[in-house]
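Before I ask anything, let me first share the structure, which is written out below as structure tokens.
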Amino acid sequence: MSQKINKFINKKNKTKLVCLTAYSKNIAEEIDQFADLILVGDSLGSVLYNFTTTRKVTLNMMIEHAKSVRLGVSKSLLVVDMPYNTYRTKSEALKNCKKVMKETKCDAVKLEGGIKIKKIIETLTKNKIPVMGHLGLLPQSVRGKFKSKGKSDREIKQIMRDAKIIEKAGVFSIVLECVASDLSKKITKEAKIPTIGIGSSVHCDGQVLVTDDLIGLTNSKIKFVKKYVNTKSLIKKGVQKFKSEVLKKKYPTKKYSY
Ligand code: KIV
């Protein structure tokens with residue numbers, strides 16, 4: 001495990017971990033100083049491309065966005081989501097994760113799933129590819145409506161078992177998406193690695209949100225999304241002013257001309 005990843009793990013039980021998504025250099029540069037971990041999430045499919053499912057996101061899309069994000073990240077751990085159908089077998093996962101690590105110079109990859117991908121996680125970690133896990137609501141597997149997880153006895157047992165299995169297989173952290181509060185508390189208490197919640201209560205070791213949601217660039221109505229700033233209105237103000245100055249021939253003045 002790299003020093004950077006050990007530092008991340010060692011923050012468990014000392015301080016909460018701050019994790020954010022980025023899809024481009026400009027956003028990455030602004031959030032790097034505040035984040036412990038920056039994730040190039042395959043949520044970029046819906047946020048930037050209007051896809052109704054993350055299943056349409058390709059490996060090349062992830063690589064190109066991650067290369068841009070890499071330019072803006074100097075201190076945070078950089079993690080890249082492996083998109084749907086890129087880690088179905090051990091050899092496919094190894095080939096694609098090696099490509100992502102090499103081309104994007106990221107620190108780790110993130111894979112969705114529990115027992116089904118145990119062998120894949122083991123293969124990757126044995127080959128020195130750090131893996132972040134993702135349990136609870138798994139966007140790459142959902143067909144139809146997104147629902148919270150971990151309320152029925154069956155789901156509680158399954159997610160608890162998956163958390164133990166992927167920790168043993170070598171993940172350095174687990175994202176818990178839309179997991180019921182009591183269950184995320186229990187997983188967090190029993191795991192030696194940090195849990196990162198998204199809609200999974202304050203009990204997790206850290207939190208992650210899609211940056212575009214929290215800065216108000218999207219119209220997300222998801223329960224766990226809190227809009228901390230209204231970036232849309234700032235953009236509107238700036239662009240309106242530009243338009244008005246262009247129409248009134250106030251821009252460009254001599255200062256802005258050659
Ligand atoms: O794709 C993504 O952005 C994610 C996070 C929201 C956890 O997986």
Side-chain angles (χ1 to χ4, degrees), residues 8 16-24 27-28 31 35-59 61-66 68-69 73 76-87 97 100 104 106-114 117 121 130-142 146-150 159 162-163 166 171-179 184 187-188 193-201 204-218 220-228:
F8 182 85
K16 291 282 185 186
L17 289 151
V18 177
C19 310
L20 290 161
T21 62
Y23 313 132
S24 68
I27 292 285
I31 65 178
D36 294 293
L37 181 151
I38 293 180
L39 170 71
V40 187
D42 61 357
S43 52
L44 63 83
S46 56
V47 176
L48 302 183
Y49 296 92
N50 267 7
F51 295 165
T52 49
T53 162
T54 55
R55 287 188 175 199
K56 283 191 178 171
V57 175
T58 65
L59 193 66
M61 287 167 80
M62 293 308 296
I63 290 174
E64 292 311 316
H65 281 280
S68 171
V69 172
V73 177
S76 310
L77 207 56
L78 178 59
V79 180
V80 178
D81 252 345
M82 292 304 293
Y84 181 64
N85 273 356
T86 61
Y87 52 97
C97 292
V100 167
T104 72
C106 65
D107 299 297
V109 290
K110 177 165 81 61
L111 269 55
E112 292 182 13
I117 59 163
I121 297 171
V131 179
M132 184 173 206
H134 186 145
L135 295 176
L137 191 147
L138 305 177
Q140 292 175 10
S141 309
V142 173
F146 278 29
K147 283 195 213 122
S148 65
K149 298 279 171 186
I159 298 172
D162 281 347
I166 66 171
V171 298
F172 71 90
S173 177
I174 306 174
V175 168
L176 295 176
E177 182 160 354
C178 297
V179 171
S184 49
I187 295 173
T188 304
I193 50 170
T195 59
I196 306 299
I198 175 157
S200 300
S201 88
C204 295
D205 295 304
Q207 299 295 325
V208 61
L209 271 185
V210 168
T211 302
D212 294 54
D213 286 339
L214 84 87
I215 64 173
L217 268 181
T218 64
S220 178
K221 298 275 185 296
I222 303 172
K223 181 178 161 77
F224 58 73
V225 170
K226 182 168 175 184
K227 204 193 273 187
Y228 286 84

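It should be emphasised that the depicted structure is a prediction, and the values quoted were computed from it without experimental measurement. For the numbers below, each heavy atom of this structure counts, side chains included, while hydrogens, waters and symmetry mates do not. Each ligand, and each atom within it, is numbered from 1 in the order the structure gives.
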Any side-chain to backbone donor/acceptor pair from Ser68 onto Ser24? Under 3.5 Å, distance only.
no

Protein residue, atom and distance nearest to atom 6 (C) of ligand 1, heavy-atom basis:
Ile198 CD1, 3.5 Å

Heavy-atom side-chain contact between Phe172 and Asp107 under 4.5 Å:
no

Examine the side chains of Thr218 and Asp213 and answer whether a donor and an acceptor come within less than 3.5 Å of each other.
yes

Closer than 3.5 angstrom, by distance alone: can the side chain of Gln140 be matched with the main-chain N or O of Thr53 as a donor-acceptor pair?
no

Between ligand 1 and Lys110, is the shortest N or O to N or O distance under 3.5 Å?
yes

Regarding ligand 1, does Tyr23 bring an N or O atom to under 3.5 Å of one of the ligand's N or O atoms?
no

Tell me the contacting part of Leu39 for ligand 1: side chain, backbone, both, or neither, using a 4.0 Å heavy-atom threshold, strictly below.
side chain

Which atoms of ligand 1 sit under 4.0 Å from any heavy atom of Gly41?
1 (O), 2 (C), 3 (O)

Sub-4.5 Å side-chain heavy-atom contact between Val175 and Ile198
yes

Part of Asp81 with heavy atoms under 4.0 Å of ligand 1, whether side chain, backbone, both or neither:
side chain

Identify, for atom 2 (C) of ligand 1, the protein heavy atom at the shortest distance, and state residue, atom and that distance.
Ser43 OG, 3.3 Å

So the atoms of ligand 1 within less than 4.0 Å of a heavy atom of Thr21 turn out to be 3 (O)

Of Leu176, Leu17, Ile196, which is the lone residue that meets side chain to side chain contact (heavy atoms under 4.5 Å, CB included) with Cys204?
Leu176

Heavy atom under 4.0 Å from ligand 1: found in Asp42's side chain, backbone, both, or neither?
both

For His134, the atoms of ligand 1 under 4.0 Å from one of its heavy atoms are 8 (O)

Check whether any side-chain heavy atom of Leu209 lies under 4.5 Å from a side-chain heavy atom of Phe224, and answer yes or no.
yes

